[in-house]
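Proteins get letters first, then strands, A, B, ... in listed order; numbering begins at 1 in each. Please read all numbers here as calculations on a predicted model, not as lab measurements.
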Amino acid sequence: MDFVELTNEAIDVGEAARRIVPAQCGATVTLDGYVRKYTRGLETLYLVYEAYEPMAIKEMLKLVEHAREKFDISHAGIIHRLGKLEIGETSVVISVAAPHRKAAFAACEWLIVELKRTVPIWKKEVYSDGEEWIEGESSIENSQSS
Amino acid sequence: MSVCVQVLFFGATAGVVGQRSVYKRFPEDITANKAFDEILDEFPALTQHKLLYSINQRYAVGTELLHDGDELAVFTAVSGG
């Protein structure tokens with residue numbers, strides 16, 4: 001029941017959350033990450049997300065696998081939107097089902113932190129007077145030559 | 001002998017290079033970090049960014065040997081979410 005997806009279509013958050021409601025579980029925690037209008041004091045008109053799609057899928061699958069090893073959870077799912085997104089539109093959904101909510105909250109937080117650090121997806125912020133590809137603060141080891 | 005490798009760029013690096021994909025020929029037995037350095041020599045503007053690179057859709061360690069048909073991607077620190 002785990003799932004990882006990239007999509008160019010609007011994400012139905014409720015539908016994604018309800019995909020994982022196993023009988024042995026008592027809670028599904030869902031993160032709805034959406035496009036913010038103001039970042040660092042700048043007004044964003046819209047965002048464009050781009051992914052290295054096959055690698056992004058592989059990295060998201062690894063994250064789900066690791067989350068299941070690390071936390072007492074039953075299932076997890078990640079959907080990330082690509083392309084042009086307007087203010088307020090959902091860019092990422094992470095859902096985690098667990099027998100008890102505490103592990104689901106912890107795993108959901110861990111998954112979004114790791115997604116932002118490791119999954120090869122980039123966002124471009126478009127302003128009224130320009131645009132900029134945002135560069136993360138990745139701390140991935142051994143990935144840059146000396 | 002040499003190996004032919006597809007080099008991919010995304011987001012900011014695609015903008016810097018002006019292309020999303022180029023094919024490059026490297027000497028046989030070249031390591032990933034040596035190939036990465038050669039790419040930076042060819043596109044020096046890339047060095048103004050904090051870069052990551054992957055081999056065949058996995059983050060590179062750097063010591064991997066490149067083979068014919070491998071896929072090397074060069075990109076900035078990720079910013080999804």
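Taking a 6.0 Å sphere around CD of B:Gln6, one finds it holds more than 12 heavy atoms contributed by other residues, nucleotides or ligands. By the neighbour-count criterion of 12 heavy atoms within 6.0 Å, atom CD of A:Glu15 is densely surrounded, having more than that number from other residues, nucleotides or ligands. For A:Glu9, the CD atom sits in a loose shell: 12 or fewer heavy atoms of surrounding residues, nucleotides or ligands are nearer than 6.0 Å. Around atom CZ of B:Phe43, more than 12 heavy atoms belonging to other residues, nucleotides or ligands sit under 6.0 Å away. Around atom CZ of A:Arg19, more than 12 heavy atoms belonging to other residues, nucleotides or ligands sit under 6.0 Å away.
A:Val119 is connected to A:Leu82 through a chain of hydrophobic side-chain contacts under 4.5 Å among Ile, Leu, Val, Met, Phe, Trp and Tyr, so both are in one cluster. There is a path of hydrophobic side-chain contacts, each under 4.5 Å, that joins A:Val4 to A:Leu31. A:Leu63 and A:Ile20 sit in two unconnected hydrophobic clusters of ILVMFWY residues. Membership requires side-chain heavy atoms under 4.5 Å apart, directly or through other members.
One N or O on the side chain of B:Ser79 and one on the backbone of A:Lys123 form a donor-acceptor pair closer than 3.5 Å. The backbone N or O of B:Gly81 lies less than 3.5 Å from a partner atom in the side chain of A:His80, making a donor-acceptor pair. A distance-only check finds no donor-acceptor pair linking the side chain of B:Thr76 to the backbone of A:Glu135 [under 3.5 Å].
Of the inter-residue distances, the one linking A:Glu59 atom CD with B:Tyr59 atom OH reads 5.5 Å to the nearest 0.5 angstrom. To the nearest 0.5 angstrom, A:Lys62 atom NZ is 4.5 Å from B:Arg58 atom CZ.
For A:Glu50 against B:Arg20, the heavy-atom pair with the smallest separation is OE2-NH1, 2.8 Å. B:Val78 and A:Leu115 get closest at one heavy-atom pair: CG2-O, 4.4 Å.
Aromatic ring pairs are classed by plane angle as parallel below 30°, tilted from 30° to 60° and perpendicular above 60°; the pair A:Tyr52 and B:Phe75 is perpendicular.
Looking only at heavy-atom pairs under 4.5 Å with chain B, the residue among A:Ser91, A:Ala56, A:Pro120 that has the most is A:Pro120. For the options B:Ala32, B:Ala77, B:Ala73, heavy-atom pairs under 4.5 Å to chain A are most numerous at B:Ala77.
For chain B, the nearby part of A:Ala51 is the backbone; its heavy atoms alone come within less than 4.5 Å.
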